[in-house]
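Notes to accompany the following structure.
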Amino acid sequence: MIASRSVKKRLGWTIASLIVLIIFTFLLGSAVGHASLSFNRLLPTLMGDGTAKENIILFSIRLPRMLITLLAGMALALSGAILQVITRNDLADPGLLGINSGAGVAIALYYLFAPVGEKYASMFPLVALLGGLLTAAIIYLFSYQRRIGFKPINLVLTGVGFSMALSGLMVILISSADRDKVQFIIKWLAGNIWGADWPYILTLLPWLVIIVPFIFFKMRTLNVISLDDSVSLGLGTRLQRERLLLIIAAVALAASAVSVTGGISFIGLMAPHIAKALVGPRSQRFIPVSILLGGWLLLIADFIGRNVAYPDGLPAGVVVALIGAPYFVFLLYRTK
């Protein structure tokens with residue numbers, strides 16, 4: 001009983017601390033930038049008492065970008081948490097398993113060769129979802145064995161192989177395309193948050209509104225799936241069906257996120273792993289923490305990237321990679 005109270009208390013403090021961090025980063029990101037906005041003008045501007053310049057800085061530039069970044073980080077973290085539970089592997093991540101690459105190839109094909117431009121970019125989330133789902137379906141089929149069924153380790157190995165193959169295909173597509181269009185795709189690949197406008201929030205938010213409650217409803221199933229297959233089946237879980245539904249949810253989250261933020265990896269790797277270290281591996285505890293932590297990680301990475309190099313800054317994906325790549329190597333060494 002005492003241990004249970006201690007865990008709940010730690011969970012409460014962790015969630016409260018992350019919410020405070022997100023609010024502080026929002027305030028910092030709203031005020032600090034190439035066009036400064038003083039802290040004492042934030043509240044009046046939010047209340048509609050700002051000047052024309054202040055309104056443009058806050059409502060047209062910074063707020064939509066930060067909201068998109070926060071939502072995308074949450075989606076990537078939740079996607080990574082789902083995949084880590086399904087595969088029983090702390091190294092699983094939408095980027096490492098080929099989902100991001102599949103979404104990226106679909107966007108590249110759509111943008112480079114269809115008769116469209118950036119004005120049709122509102123279709124990117126749907127195109128990315130189709131590419132991610134197709135990639136996930138192929139990986140799932142290659143990982144499935146008739147008599148044994150679906151094996152998590154097969155999913156990981158197949159996903160890594162497809163990720164490398166799709167990255168090679170992306171290079172071929174870029175090398176044969178028009179130079180002007182290639183510039184946009186290169187920025188997308190670097191994780192440059194391009195969809196920093198209010199309409200793109202509406203392309204991402206519905207996925208979170210639908211999928212987050214679904215995942216919270218499936219918490220018990222996630223706990224069971226994290227056990228051995230024989231134990232899960234013994235507890236009456238329809239293992240293959242539940243895995244398939246959860247994989248679709250993870251793909252939808254990752255694809256919709258990267259469609260507006262670009263090719264960002266490692267958020268889905270780091271956030272769930274850090275959350276487990278903070279509050280334990282039980283899904284009801286670490287998944288809510290993962291969601292908040294993923295949102296904050298991408299938010300602070302974008303803030304650092306925007307302010308570290310003038311005038312264009314560094315893409316958020318580059319900042320995340322600079323942190324995530326060493327962290328991945330550390331996890332790889334720790335798990336041998």
Side-chain angles (χ1 to χ4, degrees), residues 64-65 68-69 71-76 78-80 82-83 93-141 159 162-211 247-265 267-268 298 315-317:
R65 183 186 181 98
I68 278 287
T69 304
L71 293 174
M74 289 178 168
L76 290 169
L78 180 55
S79 177
I82 295 168
L83 292 173
D93 170 83
L96 297 176
L97 295 184
I99 296 172
N100 289 5
S101 298
V105 168
I107 287 178
L109 288 170
Y110 175 76
Y111 184 78
L112 294 175
F113 300 108
V116 299
E118 288 186 46
K119 63 180 180 179
Y120 293 97
S122 59
M123 291 293 293
F124 279 10
L126 179 59
V127 173
L129 176 62
L130 293 175
L133 283 174
L134 179 60
T135 303
I138 295 172
I139 292 172
Y140 189 89
L141 290 174
F162 266 87
S163 180
M164 291 187 290
L166 290 170
S167 296
L169 177 59
M170 183 71 81
V171 173
I172 295 174
L173 290 174
I174 291 174
S175 64
S176 60
D178 181 71
R179 178 172 295 181
D180 293 334
K181 289 190 172 184
V182 165
Q183 293 300 318
F184 174 80
I185 297 297
I186 290 175
K187 289 181 179 179
W188 188 92
L189 287 172
N192 193 12
I193 299 176
W194 65 272
D197 207 350
W198 292 106
Y200 295 104
I201 294 176
L202 298 178
T203 66
L204 179 56
L205 186 60
W207 297 104
L208 286 166
V209 171
I210 294 170
I211 295 176
I247 286 174
I248 292 173
V251 172
L253 287 167
S256 60
V258 300
S259 68
V260 293
T261 63
I264 293 177
S265 297
I267 291 291
L298 191 54

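The first residue in the sequence is number 1, and the count goes up from there.
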Any idea which heavy atoms bring [X] and [Y] closest together, and the distance?
X: Ile264; Y: Gly317; answer: CG1-CA, 3.9 Å
X: Ile107; Y: Ser259; answer: CD1-CA, 3.9 Å
X: Ala136; Y: Ile247; answer: CB-CG2, 4.4 Å
X: Leu202; Y: Pro206; answer: O-CD, 2.9 Å
X: Gly73; Y: Leu298; answer: N-CD2, 3.5 Å
X: Ala108; Y: Met170; answer: CB-SD, 3.6 Å

Can you list everything that forms a side chain to side chain contact (heavy atoms under 4.5 Å, CB included) with [X]? Sequence neighbours excluded, please.
X: Ala106; value: Val127
X: Leu208; value: Leu71, Ala75, Val212, Leu253
X: Asn100; value: Pro94, Ala254, Val258, Ser265
X: Leu134; value: Ile138

Test side-chain contact (heavy atoms from CB on, under 4.5 Å) applied to Thr69 and Thr261, step by step: CA-CA 7 Å; Thr69 304; Thr261 63; 5.9 Å; no
Hey, could you give me the [atom1]/[atom2] distance between [X] and [Y], rounded to the nearest 0.5 Å?
X: Ile211; Y: Ser256; atom1: CD1; atom2: OG; value: 6.5 Å
X: Leu83; Y: Leu78; atom1: CG; atom2: CG; value: 9.5 Å
X: Leu204; Y: Met74; atom1: CG; atom2: CE; value: 10.5 Å

Whether Asp93 side chain and Gly268 backbone form a donor-acceptor pair below 3.5 Å: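 Yes; at least one donor-acceptor contact below 3.5 Å.
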Side chain to side chain contact (heavy atoms under 4.5 Å, CB included) partner of Ile99, chosen from Leu166, Val251, Thr135: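 Only match with Ile99 under side chain to side chain contact (heavy atoms under 4.5 Å, CB included): Val251.
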Check: Ile68 and Pro64 side chains under 4.5 Å, non-hydrogen atoms: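 With C-beta onward as the side chain, the pair stays apart.
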